Structures are given as C-alpha cells and as structure tokens.
Chemist: 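A single structure is presented below for examination.
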Amino acid sequence: MPSQKIVSALAEIESSASSQNKLQLYNDLLSETVSASPEPQLADDLIYYLDSVLSEDLSIVAARPILDSFIYTLRKLSSETQIKIAQHAVNLLQSRSASVEEQDAQIREILADAYEAEEEYIAAAKALQGIHIDSSQRLVSDSAKVKLWIRIVRLYLEEDDTTSAEAFLNKIKNLPSKIEDHELKLHFRLSQARIQDARRRFLDASQEYFAVSLAAGVDESDRLQALAAAIRCAVLAPAGPQRSRTLATLYKDDRATSVEEFAILEKMFLDRLLTPEEVAAFAQRLAPHQLAQTADGTTVLDKAVVEHNLVAASKLYENIKTDALGAILGLQASGDLTAGEKAEAYAARMVEQGRLSGSIDQIDGIIYFESSTTATRRHIRQWDAGVQGLSEGVERVATNIAEGHLNSTVQTAH
C-alpha cells in the first residue's frame with residue numbers, strides 16, 4: 001500500500017492545470033519520495049507514482065522526461081526493490097511501448113541486471129527478450145543486436161537451457177553482417193562451444209574451445225581453462241581419425257602440459273590403454289551433463305574409454321578373441337549379453353562407421369584388426385616373403401645354369 005503522503009501529493013499534482021508545472025512537481029515529488037520513504041515502503045510509493053505518471057491524464061510527450069528521471073532514480077535502488085518496481089513498469093508500458101520504446105528498453109535492462117544479481121537468470125533473459133529491436137521508432141545497430149543476443153544466450157546457458165540459448169545464437173548466425181567486435185566474437189565462440197558441449201557434439205566443441213584458448217585479449221588463466229575444456233571434449237568424442245587429429249593438435253600445444261588433463265591426453269594420443277583409476281580421476285573434473293547416462297545405461301565417458309581402449313588394443317594385436325577383448329575393455333556381462341558379445345558390438349559399430357579397420361569372424365569369435373601398425377607388419381612380411389621367394393628362384397636358376405654348364409663341359413671332354 002502507498003503511503004498517505006504520496007497519495008495526497010499526487011492528487012494535488014493531478015489537479016494542477018499547467019502541464020509545465022506538473023513536470024516540475026512530479027520531479028520534486030520523486031526526489032522527496034526517494035529520500036524520505038523507508039526501504040520497505042519505497043517500492044509501493046514509486047509504483048503508485050508511476051501509475052500516476054502513465055495515467056491517461058498525462059500525455060505521453062509530457063510523460064517521457066518524467067520517465068527518464070524515474071529511470072535514473074531506479075538505477076540507484078537495491079535489486080530487490082528494482083525488480084518489484086520494474087516488473088510493474090514493464091506491464092504498464094506494454095500498452096504504450098511503441099511511444100516509449102527507449103524507456104521500455106532501459107527499464108528492461110535494469111530489470112535484467114537486478115534478476116541477474118539475484119541469480120534468476122531465466123527471468124533476466126526473458127526481460128531482455130521483450131526489448132523491441134526491429135522498429136521504426138528506435139534504430140538498433142547489428143552490433144547492438146548481437147550484444148543483446150549474446151547476453152541472452154549467456155543467461156540461458158547459466159541455467160543449462162541450451163535449446164533457448166541456441167535459438168538466439170542462430171539469430172546471430174543469420175545476421176547479414178559479420179561480428180566485427182573482437183570481444184563479442186569471443187563471447188560468440190565461447191557460447192557456441194558451450195552449446196555444442198551440452199549437445200554432446202564434443203569434437204566441434206573441442207575445436208571452438210581451442211580457438212578461444214588461442215584468441216587475443218584473453219587472460220592466461222582463461223586461456224588454460226578453455227584449453228582444458230577442449231581436451232575434456234576431445235577425450236569424450238567418439239574414437240576415430242577425426243578425434244585422432246584433434247588429439248594431435250592439442251598434444252602438440254606447448255601449454256598442454258600446464259593443465260591437469262594432460263596425462264589422459266598423452267595416453268590417448270599415444271594409443272595407450274587407460275586404467276579404471278585414470279578414468280575415475282578424469283571423471284571428477286567433468287560437468288554433470290558430461291557424466292549423464294545414455295539410453296543404454298552407460299555414460300558418454302564410458303563409451304569414449306571403451307572405444308579408445310578398443311583402438312589401443314588394435315595397435316597391439318592383429319587378432320583377438322572377443323571374450324579376451326571384453327576382459328581388456330573391462331566390460332561386464334549384463335542381461336543376455338556376455339562381455340565378449342559387448343566387445344563385438346562395439347567393434348562392429350566402429351568398423352561399420354569407418355572408425356576402426358578390421359573384420360569379425362562371428363563363428364569363431366575372433367576380431368581381426370587392420371590398424372596401420374599391423375598392416376605395416378603384414379606388408380613387411382609379405383615383402384620379406386617375396387624377397388625370399390625371389391632369392392630362392394634366382395638360386396635355383398643359378399644352380400640349373402651351373403649344372404647345365406657342367407654337363408656340357410663333361411660331354412665336350414668325352
């Protein structure tokens with residue numbers, strides 16, 4: 001409830017005949033209310049004040065300068081008071097927003113700041129969404145649009161709402177002009193990386209994080225955080241040639257040894273088998289969405305480790321029994337599937353997708369690998385066998401020639 005003092009003062013102002021006099025009276029009352037009203041009462045008094053300013057008795061032309069003074073005052077209040085007043089102001093301005101779009105935008109920005117200060121990120125994003133940016137009454141540059149959308153994206157990402165965040169990121173992508181501001185471009189790439197990460201497009205996310213880690217104007221600590229995020233995403237990505245190239249790029253970066261993720265990066269790059277202890281230590285540094293279970297009950301990390309160890313095994317063996325492979329991969333029997341059958345399913349899927357070279361003999365339960373190492377060894381053996389065959393052939397010919405020459409010599413002697 002508003003105080004009786006402001007109710008009486010506003011009644012007196014509204015009965016005043018002179019518009020110019022009203023403007024001065026409203027401004028004087030605003031200053032007096034802010035200085036005299038106690039904090040718990042201030043919000044109710046200013047809401048009542050705003051109702052009077054935006055009433056039909058006062059033209060919108062006369063109301064604009066009063067609104068400007070009101071907005072200036074609103075910026076100085078506590079976030080809790082700002083939220084209560086600005087929410088009411090936004091609702092009041094909806095019917096008149098076409099005439100006061102600039103003031104409406106400023107109030108929404110104050111409301112968003114207040115919500116963000118209270119960690120109500122979704123509410124802050126929605127407050128900003130109501131700002132009119134495509135209007136003949138208010139010209140907004142592409143740069144200002146990008147700045148607004150980037151902020152909305154980041155607010156939604158604070159609550160892991162990647163669907164809403166991606167919708168606004170796509171608005172930026174669809175702009176005819178490119179982002180020129182370096183800082184905005186950096187925020188765009190980081191937001192894109194976070195969305196791809198949350199959507200489990202880990203290879204794309206890794207590349208974006210890595211690009212951020214190399215960008216100019218980023219603090220060294222933030223660079224290393226981005227690099228660590230790039231490594232984590234690369235580790236979680238499906239095994240295959242593309243991930244191998246990403247791992248190689250990250251491993252060759254001189255800064256990689258400075259982050260905790262380097263140990264697992266090195267083992268993956270060198271195609272070494274990962275132990276359960278190493279995987280458990282790495283899992284502690286992952287975000288909740290990176291540890292979420294998939295439809296089959298396993299996590300993204302579980303699948304990534306199994307696929308990596310499968311590739312590592314292909315470097316060590318030319319062929320292996322599926323049961324033995326299941327043991328190496330640490331798979332457990334479940335339902336109707338044995339550990340060997342699970343290993344076979346992983347291998348079959350990777351072979352089918354072109355991420356692993358080999359073949360499977362399902363009758364004998366043997367997987368034959370065609371890795372570059374085993375293929376090289378096979379080519380060497382084939383070459384050795386060919387050279388040996390050629391040598392033996394030359395030796396036979398030489399022997400035949402020698403024997404033929406000896407026989408002709410004996411016949412001549414007779």
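On a predicted model such as this, the values are computed, not experimentally measured, just so you know.
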Chemist: Using the rule given for side-chain contact (heavy atoms from CB on, under 4.5 Å), can you reason through L186 versus L190, listing the C-alpha separation, both sets of side-chain angles and the distance that settles it, and then say yes or no?
Modeler: CA-CA 6 Å; L186 194 60; L190 184 58; 5.9 Å; no
Chemist: Would you please name every residue forming a side chain to side chain contact (heavy atoms under 4.5 Å, CB included) with T322, sequence neighbours left out?
Modeler: E344, I367
Chemist: Distance check, rounded to the nearest 0.5 Å: L50 atom CG versus L93 atom CG?
Modeler: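 The CG atom of L50 sits 7.0 Å away from the CG atom of L93.
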Chemist: Got R200 and Q290 here, is their nearest side-chain heavy-atom distance under 4.5 Å?
Modeler: no
Chemist: Taking side chain as C-beta onward, heavy atoms only, is Y156 less than 4.5 Å from F168?
Modeler: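 Touching, per the 4.5 Å side-chain cut-off.
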Chemist: Of the non-hydrogen atoms in L74 and A86, which two are nearest, and what is the gap between them?
Modeler: CD2-CB, 4.4 Å
Chemist: Quick check: closest heavy atoms across L265 and A256, and the distance to 0.1 Å?
Modeler: CD2-CB, 4.2 Å
Chemist: Kindly check if the number of other-residue, nucleotide or ligand heavy atoms within 6.0 Å of CD (Q353) is above 12?
Modeler: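 Atom CD in Q353 is packed in, count exceeds 12.
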Chemist: Would you sort out whether K173 and Q192 count as a side-chain hydrogen bond (donor to acceptor under 3.5 Å, both in side chains), showing the intermediate values?
Modeler: CA-CA 11 Å; K173 290 179 182 178; Q192 188 162 253; 3.2 Å; yes
Chemist: Go through it in stages, so that I can follow the logic: the residues are T246 and T249, the test is side-chain contact (heavy atoms from CB on, under 4.5 Å), and I'd like the CA-CA distance, side-chain angles, deciding distance and then a yes or no.
Modeler: CA-CA 5 Å; T246 302; T249 301; 5.7 Å; no
Chemist: Between E180 and K185, is the closest basic N to carboxylate O distance under 4.0 Å?
Modeler: no
Chemist: Mind checking the CG-CG spacing from L236 to L286? Nearest 0.5 Å is all I need.
Modeler: 5.5 Å
Chemist: Indicate yes or no: does D253 engage R255 in a salt bridge with an N to O separation below 4.0 Å.
Modeler: yes
Chemist: Locate the shortest heavy-atom distance separating A114 from I83; write the atom from each residue and the value.
Modeler: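 Closest heavy-atom pair between A114 and I83: CB-CG1, 3.5 Å.
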Chemist: Return yes if some donor-acceptor pair links the side-chain N/O of S37 with the main-chain N/O of V34 below 3.5 Å, else return no.
Modeler: no
Chemist: State whether the number of non-hydrogen atoms from other residues, nucleotides or ligands found under 6.0 Å of E266 atom CD is greater than 12.
Modeler: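 Buried by this count: over 12 neighbours within 6.0 Å.
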Chemist: Is E32 paired with K5 through a side-chain N to carboxylate O contact shorter than 4.0 Å?
Modeler: yes
Chemist: Just checking, is any N or O donor in the side chain of Q196 or Y209 under 3.5 Å from an acceptor N or O on the other one?
Modeler: no
Chemist: Indicate the atoms forming the closest heavy-atom contact of A165 with V153, along with that distance.
Modeler: O-CG2, 3.4 Å
Chemist: With a 3.5 Å distance limit and no angle check, can you tell me whether N170 reaches the backbone of E166 through a side-chain donor-acceptor pair?
Modeler: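 Yes, because the side chain of N170 sits within donor-acceptor range (under 3.5 Å) of the backbone of E166.
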Chemist: Is there a side-chain contact between L169 and W149 (heavy atoms, below 4.5 Å)?
Modeler: no
Chemist: Are the side chain of H182 and the backbone of A216 linked by a donor-acceptor contact shorter than 3.5 Å?
Modeler: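 Flag set: sc H182 to bb A216 pair under 3.5 Å.
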Chemist: Please step through side-chain hydrogen bond (donor to acceptor under 3.5 Å, both in side chains) for the pair D28 and Q24, ending with a clear verdict.
Modeler: CA-CA 6 Å; D28 291 344; Q24 186 61 49; 2.9 Å; yes
Chemist: How many angstroms lie between CD1 in I85 and CD1 in I110, if you round to the nearest 0.5 Å?
Modeler: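 The CD1 atom of I110 is 10.0 Å from CD1 of I85, to the nearest 0.5 Å.
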Chemist: What's the spacing between R355 CZ and M350 CE if we round to 0.5 Å?
Modeler: 5.0 Å
Chemist: Measure the shortest side-chain to side-chain distance between L42 and T33 over non-hydrogen atoms and say whether it is less than 4.5 angstrom.
Modeler: yes
Chemist: Quick one: ring pair (Phe, Tyr, Trp, His ring centres under 6.0 Å) pairs with a partner in residues 212-252, sequence neighbours left out?
Modeler: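 Listed by first then second residue: Y251-F262, Y251-F269.
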Chemist: Between R232 and D197, does any side-chain N to carboxylate O distance fall below 4.0 Å?
Modeler: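 So R232 does not pair with D197 through a salt bridge.
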Chemist: Do we see a donor-acceptor contact under 3.5 Å between the side chains of S52 and E14?
Modeler: yes
Chemist: With sequence neighbours excluded, tell me which residues meet side chain to side chain donor-acceptor pair (under 3.5 Å) with Q242.
Modeler: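 Expected list: none.
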Chemist: Count the heavy atoms of every other residue, nucleotide or ligand shown that sit under 6.0 Å from NZ of K145, and state whether that count exceeds 12.
Modeler: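 Atom NZ in K145 is packed in, count exceeds 12.
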Chemist: Could you check if a side-chain atom of R154 sits within less than 4.5 angstrom of a side-chain atom of S191, using non-hydrogen atoms only?
Modeler: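 A side-chain contact exists here, since the closest heavy-atom pair is under 4.5 Å.
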Chemist: Is it the case that the ring center of F70 lies less than 6.0 angstrom away from the ring center of Y26?
Modeler: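 No, too far apart.
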Chemist: So Y49 and L54, side-chain contact (heavy atoms from CB on, under 4.5 Å) or not? Walk me through it.
Modeler: CA-CA 9 Å; Y49 173 90; L54 294 177; over 6 Å; no
Chemist: Is it the case that the side chain of D104 and the backbone of I131 share a donor-acceptor pair, with hydrogens and angles ignored and the cut-off at 3.5 Å?
Modeler: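 No, D104 side chain to I131 backbone: no donor-acceptor pair under 3.5 Å.
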Chemist: So which heavy atom on V218 is nearest to which on A215, and how close?
Modeler: CG2-O, 3.6 Å
Chemist: How about S314 and L356: do any of their side-chain heavy atoms sit closer than 4.5 Å?
Modeler: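 Side-chain contact under 4.5 Å: yes.
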Chemist: Side chain of D181, backbone of E183: donor and acceptor closer than 3.5 Å?
Modeler: yes
Chemist: Identify the two heavy atoms, one from T81 and one from A43, that lie closest to each other, and give their separation to 0.1 Å.
Modeler: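 Smallest interatomic distance, heavy atoms only, reads CG2-CB, 4.1 Å.
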Chemist: Closer than 4.0 angstrom, basic N to acidic O: yes or no for D113 and R75?
Modeler: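 Result for this pair is no, no salt bridge flagged.
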Chemist: Distance-only, no hydrogens or angles: does the N319 side chain make a donor-acceptor pair with backbone N or O of Y368 under 3.5 Å?
Modeler: no
Chemist: Side chain of S206, backbone of F202: donor and acceptor closer than 3.5 Å?
Modeler: no
Chemist: Give, for atom CG of D44 and atom CD1 of I47, the distance between the pair rounded to the nearest 0.5 Å.
Modeler: 6.0 Å
Chemist: Short question: side chain of D219, backbone of D222 - any donor-acceptor pair under 3.5 Å?
Modeler: no
Chemist: Atom OG1 of T73 and atom CG of L30: how far apart are they, to the nearest 0.5 Å?
Modeler: 4.0 Å
Chemist: Whether the side chain of K267 engages the backbone of L273 through a donor-acceptor N/O pair (distance < 3.5 Å, no angle test) should be reported.
Modeler: yes
Chemist: Answer yes or no: is there a donor N or O on one side and an acceptor on the other, between the side chain of R108 and the main chain of A127, under 3.5 Å?
Modeler: yes
Chemist: Would you say V306 and T298 make side-chain contact, with heavy atoms under 4.5 Å?
Modeler: no
Chemist: Is it true that E116 and R151 have a side-chain N and a carboxylate O under 4.0 angstrom from each other?
Modeler: yes
Chemist: Should the pair E102-R64 be classified as a salt bridge under the 4.0 Å nitrogen-to-oxygen rule?
Modeler: no
Chemist: Determine, stepwise, if the pair L325 / L329 fulfils side-chain contact (heavy atoms from CB on, under 4.5 Å).
Modeler: CA-CA 6 Å; L325 181 60; L329 300 179; 3.9 Å; yes
Chemist: Taking the six-membered ring of Y346 as reference, does the NZ or CZ atom of R349 fall below 6.0 Å from its centre and within a 45° cone about the axis?
Modeler: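 Flagged: R349 positioned over aromatic ring of Y346.
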Chemist: Give a yes-or-no answer on whether the side chains of S79 and Q82 include a donor-acceptor pair shorter than 3.5 Å.
Modeler: no
Chemist: Determine, stepwise, if the pair D51 / H88 fulfils side-chain hydrogen bond (donor to acceptor under 3.5 Å, both in side chains).
Modeler: CA-CA 9 Å; D51 287 340; H88 186 77; 2.7 Å; yes
